[in-house]
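Some notes on the structure that comes next.
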Amino acid sequence: NAGVTQTPKFQVLKTGQSMTLQCAQDMNHEYMSWYRQDPGMGLRLIHYSVGAGITDQGEVPNGYNVSRSTTEDFPLRLLSAAPSQTSVYFCASSSQGNQPQHFGDGTRLSIL
Amino acid sequence: SQQGEEDPQALSIQEGENATMNCSYKTSINNLQWYRQNSGRGLVHLILIRSNEREKHSGRLRVTLDTSKKSSSLLITASRAADTASYFCAHRTPGGGNKLTFGTGTQLKVEL
């Protein structure tokens, strides 16, 4: 049972490049979410999904897109990377949005 | 910001001592959760306390909840070096349905 798997673990991008952060869970959870973690700011919600085909914006959605074509996968797309998007990104899943969340180990992203 | 606040921001104690961390929030909740994050890893769920509960125990962890003061505390008894981590509280996002809002965390260091 792998839980929540995030790839890649590390990535360096140049300003303006695009990329997709992958997230997969094998717990059949309906709720999935993406957070970014910056020093001194805790976790901030970027986008979330309450089930396949349903996504919504969180606190800091600008510059990011998501889709949820299957229950298992919830990729996060950076459309045109900016230095302000340098952060650690965490994907999480749970049975419901306000229930205990299972986190991946994060993707450390640097934008030069 | 809609985030809760934890205090202290950082705490350093000796092995065997107790560690207490506090969390305040600003809105009504149906539960409050505590998470641990080891360096370089994702968050791990520790304990969930429902709004109609005042105290909950799990091993060396004791969580209290005071809904009249909108505050919670996490007590780790007989701390060990392995407890060194950051600890976060999380609660339902104000007006945000079933989304969770995370606090900024307390960094705990347990020294031998």
Side-chain angles (χ1 to χ4, degrees), chain A residues 2-10 21 23-25 27 29-51 54-61 66 74 87-109, chain B residues 1-10 21-52 56 58 61 63 65 85-107:
Chain A
V4 177
T5 302
Q6 290 185 239
T7 57
K9 295 188 184 305
F10 302 94
L21 308 185
C23 175
Q25 53 94 6
M27 296 170 283
H29 284 162
E30 291 295 326
Y31 185 89
M32 296 186 74
S33 53
W34 276 101
Y35 297 88
R36 60 177 289 173
Q37 185 176 33
D38 301 293
M41 300 194 71
L43 276 76
R44 292 184 291 170
L45 182 66
I46 304 171
H47 285 286
Y48 66 100
S49 169
V50 299
I54 306 170
T55 64
D56 205 348
Q57 297 181 349
E59 183 184 353
V60 288
V66 291
F74 190 44
S87 188
V88 182
Y89 292 84
F90 288 99
C91 179
S93 73
S94 64
S95 56
Q96 295 181 38
N98 63 350
Q99 294 303 304
Q101 309 251 325
H102 299 257
F103 282 81
D105 277 338
T107 294
R108 284 143 189 83
L109 183 61
Chain B
S1 169
Q2 296 178 335
Q3 291 181 327
E5 296 184 359
E6 284 121 336
D7 77 275
Q9 289 187 340
M21 289 157 268
N22 303 297
C23 168
S24 62
Y25 57 91
K26 299 180 180 177
T27 187
S28 63
I29 61 171
N30 53 6
N31 68 57
L32 187 138
Q33 303 171 34
W34 285 91
Y35 290 78
R36 182 188 74 233
Q37 183 181 33
N38 291 96
S39 180
R41 302 299 300 274
L43 279 70
V44 174
H45 179 260
L46 293 176
I47 195 166
L48 179 152
I49 185 166
R50 303 185 195 285
S51 58
N52 61 353
K56 199 163 184 179
S58 177
L61 305 180
V63 169
L65 180 64
S86 292
Y87 293 82
F88 296 86
C89 67
H91 59 84
R92 190 184 68 177
T93 303
N98 285 331
K99 300 193 295 290
L100 283 181
T101 291
F102 285 82
T104 53
T106 293
Q107 291 185 336

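Every chain is numbered from 1, with letters handed out A, B, ... down the list of sequences.
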| request: Decide yes or no on side-chain contact (heavy atoms from CB on, under 4.5 Å) for A/S49 and A/V66, but give the supporting numbers first. | output: CA-CA 9 Å; A/S49 169; A/V66 291; over 6 Å; no
| Do you see a donor-acceptor pair shorter than 3.5 Å between the side chains of A/Q37 and A/Y35? | no
| query | For the candidates B/Q33, B/Q107, B/Q9, which exhibits the highest count of non-hydrogen atom pairs separated by less than 4.5 Å from chain A? | reply | B/Q33
| task | Answer with side chain, backbone, both or neither: which region of B/Q37 has an atom nearer than 4.5 Å to a non-hydrogen atom of chain A? | result | side chain
| remark: Sorted by chain and residue number, the side chain to side chain donor-acceptor pair (under 3.5 Å) partners of A/T107 (sequence neighbours excluded) come out as none
| field | Residue B/L43 versus chain A: region with a heavy atom under 4.5 Å | value | both
| field | Contacts of B/N22 that satisfy side chain to side chain donor-acceptor pair (under 3.5 Å) - sequence neighbours left out | value | none
